[in-house]
Peer 1: 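My questions will all concern the structure given below.
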Number of protein chains: 2
Amino acid sequence: MTSAVERAQTQLRKGVLEYCVLASLRAAPAYGLELATLLGRDRVLLASEGTLYPLLSRLRTQGLVATTWQESTSGPPRRYYELTDDGHAALDAFTATWQPFRDAVDSLLEDPR
Amino acid sequence: MTSAVERAQTQLRKGVLEYCVLASLRAAPAYGLELATLLGRDRVLLASEGTLYPLLSRLRTQGLVATTWQESTSGPPRRYYELTDDGHAALDAFTATWQPFRDAVDSLLEDPR
DNA sequence: ACCGGGTTCCTTGCGGTGCAAGATACTGCT
DNA sequence: AGCAGTATCTTGCACCGCAAGGAACCCGGT
């Protein structure tokens, strides 16, 4: 059985990961595996690519990212993802939602001693 | 259709709410509706009681809380919930998980300009 | 020519959790 | 009796992350 901490981490990622991907694209476009290694580096934000691709597909359907294919010298072509205007707006809206949420959790978890 | 912000908030709550309940019980025992009004006050952490009771049931099954019935002068008897030793330990473990997670999200969302 | 390993994309089935809506039941007031 | 308020719990649903696996491409070694 997976540990309680791992289960907790999995649940924490729900809904946050989507916007972490958008945030990762704010500076520059990137392709799938690049995002996977970036977000999965310390195993805090992403556990496997099986999560990422369906998520990217959703973002594309919702119009938050646009994609272009580019050749690679080291394998099959890469699909690059780029923020749209709607994507920027969604990221801003989430940031405004995240901050009060984070503060509410922080203040509850603070040890009241 | 529900707004994107509401959907995001719902997803944010996943897995966090459970430990917010434990944190709310750290100082003193409480009963269901009391927790519901406390956590739902600003609509940040809890949307409805339909979430809370199954959650409390799970906590009981997992042995993180213990319960006692107490009469009420203003309605049906109340079931009071109280943290067990395992509950305290789970809350501490979650706090240690939450902090790096929160910091990872914060640093990604920070505007890199 | 062929095979194996690295790269890149994607799909399937599953499990866990929050939500709205409604069901049940007890109290006290009219 | 009837109604509003208090309190607990159940049902059906929707969503998202995950592990596991599959398909296709490139290159270097044998």
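All chains are named by letter (A, B, ...) in the order of the sequence lines, taking the proteins before the strands, and each is independently numbered beginning at 1.
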Peer 1: Take A:P77 and A:V16, find for each the nucleotide of DNA chain D with the closest heavy atom, and name the residue whose nucleotide sits nearer the 5' end.
Peer 2: A:V16

Peer 1: Strictly by salt bridge (charged side-chain N to carboxylate O under 4.0 Å, His left out), give each pair with a member in residues 49-77 of chain B just once, sequence neighbours left out.
Peer 2: none

Peer 1: Nearest whole Å is fine: how far is C:dG18 C1' from B:Q11 CD?
Peer 2: 8 Å

Peer 1: Give a yes/no answer on whether the side chain of B:R79 brings an N or O atom under 4.0 Å of OP1 or OP2 in D:dT8.
Peer 2: no

Peer 1: Please determine whether a side-chain nitrogen or oxygen atom of A:Y31 lies at a distance below 4.0 Å from atom OP1 or OP2 of C:dT8.
Peer 2: yes

Peer 1: Could you tell me how far apart A:L56 (CG) and C:dC10 (P) are, to the nearest whole angstrom?
Peer 2: 8 Å

Peer 1: Starting at CG of B:L12 and ending at P of C:dG16, how long is that distance when rounded to a whole Å?
Peer 2: 21 Å

Peer 1: Send over the distance from B:E34 CD to D:dT6 C1', rounded to a whole Å.
Peer 2: 13 Å

Peer 1: Taking all atoms of both residues into account, what is the closest heavy-atom pair of A:P100 and A:A96, and its distance?
Peer 2: CD-O, 3.0 Å

Peer 1: Taking only heavy atoms on the protein side, list every residue of residues 47-54 of chain A lying under 4.0 Å from any atom of DNA chain D, sorted numerically.
Peer 2: A:A47, A:S48, A:G50, A:T51

Peer 1: Closest to the B:K14 side chain: D:dC16, C:dT17, D:dA24?
Peer 2: C:dT17

Peer 1: Taking 4.0 Å as the cut-off, does a side-chain nitrogen or oxygen of B:R43 come that near to OP1 or OP2 on C:dC19?
Peer 2: no

Peer 1: Can you name the nearest heavy-atom pair linking A:A30 to A:L25, along with the distance?
Peer 2: N-CD2, 3.6 Å

Peer 1: Checking A:T10 side chain against A:E6 main chain: does a donor-acceptor pair fall under 3.5 Å?
Peer 2: yes

Peer 1: Could you tell me how far apart A:Q9 (CD) and D:dC18 (P) are, to the nearest whole angstrom?
Peer 2: 9 Å

Peer 1: Transitively linked via ILVMFWY side-chain contacts under 4.5 Å: A:L56 with A:L38?
Peer 2: no

Peer 1: Can you work out whether B:Q62 or B:G75 has the more 5'-proximal nearest nucleotide on DNA chain C?
Peer 2: B:Q62

Peer 1: Please state how far atom CD in A:E6 lies from atom P in D:dA19, giving the value in whole angstrom units.
Peer 2: 9 Å

Peer 1: So, OP1 or OP2 of C:dC19: does either fall under 4.0 Å of a side-chain N or O from B:R13?
Peer 2: yes

Peer 1: Round to a whole Å and report the spacing from CD of B:Q70 to C1' of C:dC26.
Peer 2: 17 Å

Peer 1: Identify, with sequence neighbours excluded, every residue that meets ring-ring contact (aromatic ring centres under 6.0 Å, His included) alongside A:Y80.
Peer 2: A:Y31

Peer 1: Can you tell me how far P of D:dA24 sits from CG of A:L33, to the nearest Å?
Peer 2: 18 Å

Peer 1: For C:dT17, does OP1 or OP2 lie under 4.0 Å from any side-chain N or O of A:R7?
Peer 2: yes

Peer 1: Just N and O in the side chain of B:R58: are any of them under 4.0 Å from OP1 or OP2 of C:dT17?
Peer 2: yes

Peer 1: Please state whether the phosphate of D:dA7, meaning OP1 or OP2, lies under 4.0 angstrom from any side-chain nitrogen or oxygen of B:S74.
Peer 2: yes

Peer 1: Taking any heavy-atom pair under 4.0 Å as a contact, classify A:Y81: base, sugar-phosphate, or nothing.
Peer 2: sugar-phosphate

Peer 1: Angle between ring planes, A:F101 versus A:W98, binned at 30° and 60°: parallel, tilted or perpendicular?
Peer 2: tilted

Peer 1: So does A:D85 have more than 12 non-hydrogen atoms from other groups sitting under 6.0 Å from CG?
Peer 2: no

Peer 1: Between C:dC19, C:dA25, C:dT7, spot the one nearest the side chain of B:L46, thanks.
Peer 2: C:dC19

